[in-house]
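Below, all heavy atoms of this structure are taken into account, side chains as well, without hydrogens, waters or symmetry copies. Throughout, protein chains are lettered first and strands after them, A, B, ... in sequence-line order, and every chain is numbered starting at 1.
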There are 2 protein chains.
Amino acid sequence: MTSSKPNPSRPDPSSVPGAVVNRLSLYLRELQHLIGDGKETISSSQLGQRLGFTDAQVRKDLAHFGHFGHPGIGYRCEELVPAIRHILGTDRQWQVALVGVGNLGRALLGYRGFQKQGFRIVAAFEVEPEDVGETIDGVPVHHIDQLEHVLSEQDIELGLVAVPAEKAQEVTDKLVASGVSGILNFAPVTLAVPEGVSKVGVDLARELEQVTFAVANRGNQGTN
Amino acid sequence: MTSSKPNPSRPDPSSVPGAVVNRLSLYLRELQHLIGDGKETISSSQLGQRLGFTDAQVRKDLAHFGHFGHPGIGYRCEELVPAIRHILGTDRQWQVALVGVGNLGRALLGYRGFQKQGFRIVAAFEVEPEDVGETIDGVPVHHIDQLEHVLSEQDIELGLVAVPAEKAQEVTDKLVASGVSGILNFAPVTLAVPEGVSKVGVDLARELEQVTFAVANRGNQGTN
DNA sequence: CATTGTGAACTTATTCACAGCC
DNA sequence: GGCTGTGAATAAGTTCACAATG
């Protein structure tokens with residue numbers, strides 16, 4: 001404990017359930033759309049309605065991190081967006097490395113959504129000699145053996161793993177050894193990462209399986 | 001109730017929590033790797049260990065759907081894999097339509113992981129005239145106006161939405177009108193779908209935000 | 001007076017622990 | 001002896017409901 005009176009804007013972050021963080025990023029996305037539509041404030045019930053949550057859920061989630069609302073008014077979009085970005089850690093730029101410039105890797109290099117949220121892919125890596133040396137969407141493709149060297153110079157904190165399943169763990173180990181602290185993994189394997197390194201996995205076939213389960217068992221409207 | 005004695009292999013599927021289904025597909029993936037490695041049986045504790053769950057969790061999840069284990073032995077991989085595929089609905093082929101052959105759409109067309117799990121993208125759609133008529137990875141690209149027509153002939157049940165956010169709802173409405181019953185959405189918006197249609201959203205920037213939260217708040221090992 | 005923030009009630013999910021089985 | 005399936009116990013997450021508030 002640093003102070004006797006708990007600071008409402010910075011509660012113990014490791015006690016926050018993952019589901020809350022997931023919803024937080026959903027709130028952020030929706031708020032950004034709302035701002036685009038010129039809306040100035042939104043109530044917890046309106047926001048919840050758009051995303052399929054209750055008003056209480058929205059308020060509780062946000063209350064984990066501070067007092068962002070205004071009684072009688074709701075939440076001011078322009079105020080809440082930077083607050084959530086701060087919580088998520090995206091109130092600054094993150095430099096990202098990509099490993100694997102196959103099909104998916106190339107799509108990630110061109111994906112605009114990353115830049116919009118402050119992510120910049122600044123280096124890509126491959127084993128295939130024919131891809132090395134190329135520049136794709138402004139990003140230089142290095143040989144994978146250069147990974148540690150390039151990362152040591154560029155202050156890259158996040159890694160995208162877009163290699164075949166068999167190579168994913170090996171690549172992950174290299175990223176970790178090079179000091180990366182978070183990984184987004186597109187290979188269909190569960191990666192082992194050391195304590196202190198975070199990872200999230202995106203497996204497209206698994207996502208579709210969630211859909212087929214719901215379809216085969218009629219009426220599960222599903223995760224966002 | 002259809003019978004007095006509850007059938008253990010087919011419980012009410014809509015009562016199964018989404019988180020269970022999500023883990024189920026993770027079990028499936030791991031089991032498929034295990035078979036590839038020549039392992040014949042696995043215990044709930046071993047399987048749990050590999051994925052970061054408790055043994056009880058694994059057993060409870062599977063017990064939702066039937067009696068798949070063998071006391072003293074564990075689960076037989078070759079037996080459990082088809083059982084889970086049946087539960088998830090992937091014990092058959094699913095025909096899939098893709099809308100949007102930009103960056104991401106093209107990557108999806110070439111993605112091998114879909115085919116491995118029984119998904120076949122059989123038609124793609126675009127607005128941009130220069131892409132229409134093309135064949136990418138063996139998949140014909142039709143004009144979006146042909147969507148309803150093509151889908152009516154091909155028994156396509158799932159749709160992949162890989163268009164810009166502004167067009168995603170419109171495209172979704174068309175897919176739904178054409179009889180699709182499940183949607184995997186890559187656009188960074190929350191889609192509205194009618195009752196009875198299932199959807200799952202994959203927002204790459206949001207996934208990365210889950211990583212940055214964990215990194216910015218040290219030690220949340222993260223999903224998967 | 002619409003709307004937040006929040007304890008208390010409730011619901012859902014996870015883990016424990018052990019009888020039953022191979 | 002090793003391991004499952006499961007009811008009971010515990011923990012976590014969600015909703016209710018209402019006092020506080022600009």
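Considering Val200(A), Leu160(A), Leu158(A), Val176(A) in turn, Val176(A) is the only one that fulfils the side chain to side chain contact (heavy atoms under 4.5 Å, CB included) rule with Ile183(A).
Of all nucleotides in DNA chain D having an atom under 4.0 Å from a heavy atom of chain B, the first and last in 5' to 3' order are dG2(D) to dA8(D).
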Exercise. Summarise protein proximity over nucleotides 15-22 of chain C in one line of letters, 5' to 3': B for base, S for sugar-phosphate only, - for none, counting protein heavy atoms closer than 4.0 Å.
Key: BBB--BBS
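For Gln93(A), the CD atom sits in a packed shell: over 12 heavy atoms of surrounding residues, nucleotides or ligands are nearer than 6.0 Å.
Rounded to an integer number of Å, the gap from Gln46(A) CD to dA2(C) P is 13 Å. Here dT3(C) presents its P atom at 20 Å from CZ of Phe68(A), a figure rounded to the nearest Å.
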Practice problem: Show the numbers, then the answer: is there a side chain to side chain donor-acceptor pair (under 3.5 Å) between Asp61(A) and Tyr27(A)? | Solution: CA-CA 10 Å; Asp61(A) 283 347; Tyr27(A) 301 153; 2.6 Å; yes
Quiz item: What do the steps show when you test Arg92(B) against Glu157(B) for salt bridge (Lys or Arg N to Asp or Glu O under 4.0 Å), and what is the final call?
Solution: CA-CA 12 Å; Arg92(B) 62 162 174 110; Glu157(B) 293 169 86; 3.0 Å; yes
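Arg206(A) and Asn22(B) share a side-chain donor-acceptor pair at under 3.5 Å. A donor and an acceptor atom, one from each side chain of Ser43(B) and Gln46(B), are located under 3.5 Å apart. Checking Arg76(A) against Thr41(A) by side-chain atom types alone, no donor-acceptor pair falls below 3.5 Å. Between the side chains of Gln210(B) and Thr223(B), not a single donor N or O lies within less than 3.5 Å of an accepting N or O.
OP1 and OP2 of dT3(C) both lie 4.0 Å or more from every side-chain N or O belonging to Ser44(A).
Contact annotation for Ser45(B): no contact, since no heavy-atom pair falls under 4.0 Å across all strands.
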